[in-house]
S.K.: 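To start, I am sharing the structure in question, which I have written as structure tokens.
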Amino acid sequence: MRYDVFFAGYGGQGVLLAGNLLSYAAIHEGKNVSFFPAYGVEKRGGAAMCTVVFADGDTGSPVVGNPSVSVLLNQLSFDKYSVKVKQGGVCIVNSSLVETDGVELPGVEVVLVPMNQIALDMGDVRMVNMVACGAYMEKSGALKSASLEAALKKALPERNHKLIPANVKAMEAGARAVRG
Amino acid sequence: MKQVFTRPESLKNVATHFCPGCHHGSVHRLVAEALDEFGIRSQTIGVASVGCSVFLYGYFDIDVIEAPHGRAPAVATGAKRARPDRIVFTYQGDGDLAAIGMSEIIHSANRGEDITVIFVNNTTYGMTGGQMAPTTLPGQKTSTSPYGRDVSKDGAPFKMAELLSNLDGVAFSARVALNSPRNVLNAKKMIKTAFRYQVEKKGFSFIEALASCPTNWGMNPLDANQRVSDEMIPYFPLGVYKNTAQL
Amino acid sequence: MQTTAAEKIFVKGNEAVAMAAIEAGCRCYFGYPITPQSDIPEYLSRELPGRGGEFIQAESEIGAINMLLGASAAGTRAMTSSSGPGISLKQEGISYMAGSELPGVIVDIMRAGPGLGGIDASQADYWQATRGGGHGGYRIIVLAPASVQEMYDLTMLAFDLSDIYRMPAMVLADSVVGQMKESVTPNPRPQVALPAKEWVVRGRSEGEPQNVVKSLYLGDGEMEAFHWKMQARYQELADNECRWEEAQTSDAELIVTAFGSTARIAKTAVAMAREAGMKVGLMRPITLFPFPRKTFASLSERCKLFLDIELSTGQMIDDVRLSVARDADVAFYGRPPGAGSLPTPEELFEQIKKNYRVRPEQSRI
Ligand SMILES: Cc1ncc(C[n+]2csc(CCOP(=O)(O)OP(=O)(O)O)c2C)c(N)n1
Ligand code: SF4
Ligand SMILES: [Mg+2]
């Protein structure tokens with residue numbers, strides 16, 4: 001099986017950390033992983049984005065034109081990248097910051113998760129990326145929650161390990177929001 | 001009401017890409033004011049170096065040559081020799097001037113080229129993300145001196161204003177800072193003097209400006225300003241090191 | 001938790017190069033900052049000193065390459081790295097190293113050019129790398145990684161080949177593989193029989209021959225003899241050291257060829273074409289010098305259509321054209337840097353569809 005996911009938001013939303021976290025979780029499950037951050041021109045303007053591909057075998061292209069799953073954390077990313085989601089794919093949207101009214105994405109399942117709100121309810125809006133990871137995990141079924149928990153130890157610097165329990169809760173909340 | 005703060009004509013009306021608290025913007029402004037005050041904007045050719053100031057052409061409303069990393073004084077030499085009636089200045093960072101470009105600056109200065117060199121010393125490679133520079137202070141941690149600059153292996157920081165003043169070809173050499181209103185006023189005076197040397201064809205003039213790089217120092221603009229006075233000025237004393245024509 | 005040698009790590013391509021260099025026994029690194037390769041000096045400034053190695057941030061790339069020359073002449077495994085503008089400055093030193101038959105590893109994480117260019121991904125230094133780059137007529141070994149794992153493995157290989165063939169070796173990567181992170185197995189240094197470095201300068205004692213590392217050949221016929229000797233060595237390289245990856249070429253009507261990260265993207269495009277029922281294969285040269293000419297030649301005995309894809313206006317295509325049979329066509333799709341984004345597999349699939357044709361059965365004798 002080969003999974004690919006595209007994350008985008010603005011700098012400060014922790015998009016790259018989210019990508020790293022999924023990567024470590026996939027490695028934990030014995031997968032090959034490719035994590036490609038935005039580069040060069042695309043990086044300008046305060047946008048942050050990354051593509052993560054993981055597979056049992058070859059990860060293939062690190063660049064994905066039409067992602068199977070896109071997790072879009074702000075309006076700009078939604079406006080720009082929601083149309084790229086593959087037919088039959090999923091677009092997970094941070095509905096706290098994104099207005100989707102009037103946007104038709106035929107053949108794409110749009111999942112609205114009020115990520116900022118959930119993160120705030122958990123006590124810290126900076127955990128919006130954790131909520132996003134939880135939502136992705138639940139929707140894609142690609143990774144186990146235990147792997148994400150293990151991944152936190154690797155993705156976070158030692159001094160932030162005390163935050164792991166809170167982050168795990170935020171992920172669970174993200175997953176719950178998708179389950180509805 | 002009297003307008004007290006206007007944009008110099010030699011600068012374009014655009015927002016710069018410099019980080020908050022970066023002194024490149026202040027130096028740009030002072031150079032532009034000097035060009036305005038001598039009325040030489042239309043005769044001036046700027047030579048940009050490679051560093052955070054590479055976009056000189058985007059901010060100065062003058063003609064600009066973009067030189068390869070470190071080579072601005074050689075490029076300026078060529079331009080000045082081809083058009084001796086023009087005012088030619090280079091604008092270089094510490095990595096550009098004192099590392100890769102050490103040969104060009106020394107030889108241009110030694111030949112006494114009739115150019116003005118504006119040297120912005122922020123003790124780091126700003127544009128490439130904060131690596132050690134030839135002016136990085138002893139013990140200063142950077143991304144390529146993670147254990148602090150070790151003078152026994154990396155050498156001591158170059159004091160360019162002093163070093164160049166020892167060359168016969170140099171007419172004017174001074175070090176200024178931009179961390180306080182008083183220092184800015186003085187810097188303005190010095191930069192004007194440097195250009196005056198060229199306008200009056202009195203030889204090679206050099207300004208070293210101690211500048212902050214809050215981003216790569218990992219400081220807020222105020223703390224960065226404080227570092228200029230607490231750490232940089234004691235090591236790199238301000239002053240005029242050579243003034244042959246007593247302008 | 002027990003860690004085994006085979007346990008995977010998750011690192012950037014540039015870091016993998018630095019880690020591999022240490023594993024390969026590189027004890028001296030000389031460099032100068034430039035995007036997008038500064039992670040290499042940054043990593044080694046942290047890690048080399050504690051392991052008895054030397055890290056120097058040189059005053060320039062010219063300084064760095066000549067420090068490499070000196071360390072290598074003294075018999076130490078050493079490395080430098082840079083990108084476009086810095087690699088250009090190193091060409092003089094590389095030429096002297098080639099002329100002095102010195103090993104040494106040079107890593108080029110390509111960026112857009114010419115001149116200051118930009119930091120977008122580019123493959124436009126193919127010619128510079130594979131044609132020798134500096135003056136006088138010489139070649140160096142050029143390896144083109146397409147994954148972070150290969151950044152690791154080929155860096156180690158570069159050290160070995162460079163020592164065995166006594167010539168500089170370059171790891172020619174694009175910024176995509178330099179900047180992306182992948183799961184990597186940090187393989188231990190391979191056990192390779194290396195020739196003794198009898199030529200190193202070491203301080204000559206009584207009765208020992210004088211060793212001189214030089215590239216000045218003024219004696220009668222000396223320079224000519226040097227060139228023919230090197231020519232024979234290049235042939236030996238071509239005979240023994242070509243490396244490439246082939247996928248689904250045996251029945252292919254069209255073979256896509258690309259190197260580095262472009263080949264990764266192309267490989268996924270090839271898989272899309274296969275799914276659509278098209279007979280398409282991939283040929284990815286891993287050694288750019290020596291170029292796997294024989295493989296291209298034999299592939300073109302059967303497959304008459306190649307599609308060369310590069311992040312430039314076309315450079316490797318020269319070697320592909322020189323290698324394939326006369327009646328084979330080589331089409332081209334180029335994405336010179338600056339478009340602001342990389343080609344996607346979907347985009348390359350479109351190019352495959354555009355060029356694909358099935359030859360009538362009777363013409364395949
Ligand atoms: C030949 C070459 N080597 C390296 C670089 C990469 N590079 C770009 S800017 C820079 C240094 C900038 O530092 P500095 O001159 O101090 O200017 P600052 O950004 O701090 O103002 C370097 C090394 C380059 N462009 N060309
Ligand atoms: S990185 Fe430093 S020198 Fe460059 S613009 Fe920012 S503060 Fe100024
Ligand atoms: Mg600097």
Side-chain angles (χ1 to χ4, degrees), chain B residues 47-57 64-72 74-75 93-106 123-136 140-155 157-158 160 216, chain C residues 12 14-15 18 28-67 80-93 109 111 113-119 175 178-179:
Chain B
V47 182
S49 68
V50 183
C52 281
S53 56
V54 70
F55 302 113
L56 204 72
Y57 52 81
V64 172
I65 312 173
E66 181 192 272
H69 192 30
R71 317 300 176 206
V75 171
D94 40 22
D96 190 271
L97 182 138
I100 194 167
M102 191 59 121
S103 177
E104 280 72 13
I105 184 64
I106 295 273
T123 73
T124 192
Y125 286 66
M127 177 169 244
T128 43
Q131 292 85 7
M132 185 177 73
T135 48
T136 293
Q140 185 182 334
K141 285 186 181 158
T142 69
S143 65
T144 51
S145 58
Y147 309 110
R149 183 187 188 123
D150 175 357
V151 172
S152 74
K153 287 194 154 187
D154 304 323
F158 282 103
M160 291 309 297
N216 286 303
Chain C
K12 253 191 187 182
N14 285 340
E15 286 166 346
C28 291
Y29 173 88
F30 313 107
Y32 188 80
I34 187 166
T35 310
Q37 64 83 51
S38 294
D39 318 274
I40 299 175
E42 286 170 4
Y43 184 95
L44 291 169
S45 71
R46 262 192 335 264
E47 299 297 329
L48 262 184
R51 299 166 193 256
E54 289 291 335
F55 168 89
I56 296 183
Q57 183 176 310
E59 66 277 18
S60 69
E61 292 86 351
I62 301 176
I65 190 74
N66 288 293
M67 291 174 190
T80 185
S81 62
S82 191
S83 184
I87 296 289
S88 287
L89 287 176
K90 289 184 197 289
Q91 295 302 338
E92 180 196 38
I109 309 295
R111 58 185 249 170
L116 199 49
I119 57 169
S175 51
Q179 295 297 321

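For clarity, every value in this text was computed on a predicted model and none was experimentally measured. Letters go in sequence order (proteins before strands), and every chain restarts at 1.
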S.K.: Can you name the closest pair of heavy atoms from B:Ala99 and C:Tyr32 and give their distance?
M.R.: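 Of all heavy-atom pairs spanning B:Ala99 and C:Tyr32, the closest is CB-OH, 3.9 Å.
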
S.K.: Tell me, out of B:Gln131, B:Met102, B:Glu66, who's got the most heavy-atom pairs with chain C below 4.5 Å.
M.R.: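 The option with the most such pairs is B:Gln131.
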
S.K.: Hey, are the side chains of B:Ile100 and C:Glu61 touching, using non-hydrogen atoms and a 4.5 Å cut-off?
M.R.: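 B:Ile100 vs C:Glu61: side chains touch.
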
S.K.: Nearest heavy-atom pair of C:Gln57 and B:Met132: which atoms, and what distance?
M.R.: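 Smallest heavy-atom distance, with atoms named: NE2-O, 2.5 Å.
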
S.K.: Please check if the number of heavy atoms outside B:Tyr57 that lie under 6.0 Å from its OH is greater than 12.
M.R.: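 Yes, because the 6.0 Å sphere around OH of B:Tyr57 holds more than 12 heavy atoms from other groups.
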
S.K.: Given a strict heavy-atom distance threshold of 4.5 Å, which part of C:Leu44 is in contact with chain B: side chain, backbone, both, or neither?
M.R.: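 For C:Leu44, no heavy atom lies under 4.5 Å from chain B.
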
S.K.: Might you point out which heavy atoms bring C:Ser45 and B:Tyr147 nearest each other, and give the distance in Å?
M.R.: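 Where C:Ser45 meets B:Tyr147 most closely, the heavy atoms are O-CE1, 3.7 Å.
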
S.K.: Give me the atom names and distance for the closest heavy-atom approach of B:Thr128 to C:Ile34.
M.R.: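 Where B:Thr128 meets C:Ile34 most closely, the heavy atoms are CG2-CA, 4.2 Å.
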
S.K.: Can you tell me how far CD of C:Glu42 sits from OG of B:Ser145, rounded to the nearest 0.5 angstrom?
M.R.: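 Going from OG on B:Ser145 over to CD on C:Glu42, the span is 10.0 Å.
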
S.K.: Which bit of C:Leu89 comes within less than 4.5 Å of chain B, counting heavy atoms only: side chain, backbone, both or neither?
M.R.: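 Contact with chain B: side chain only.
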
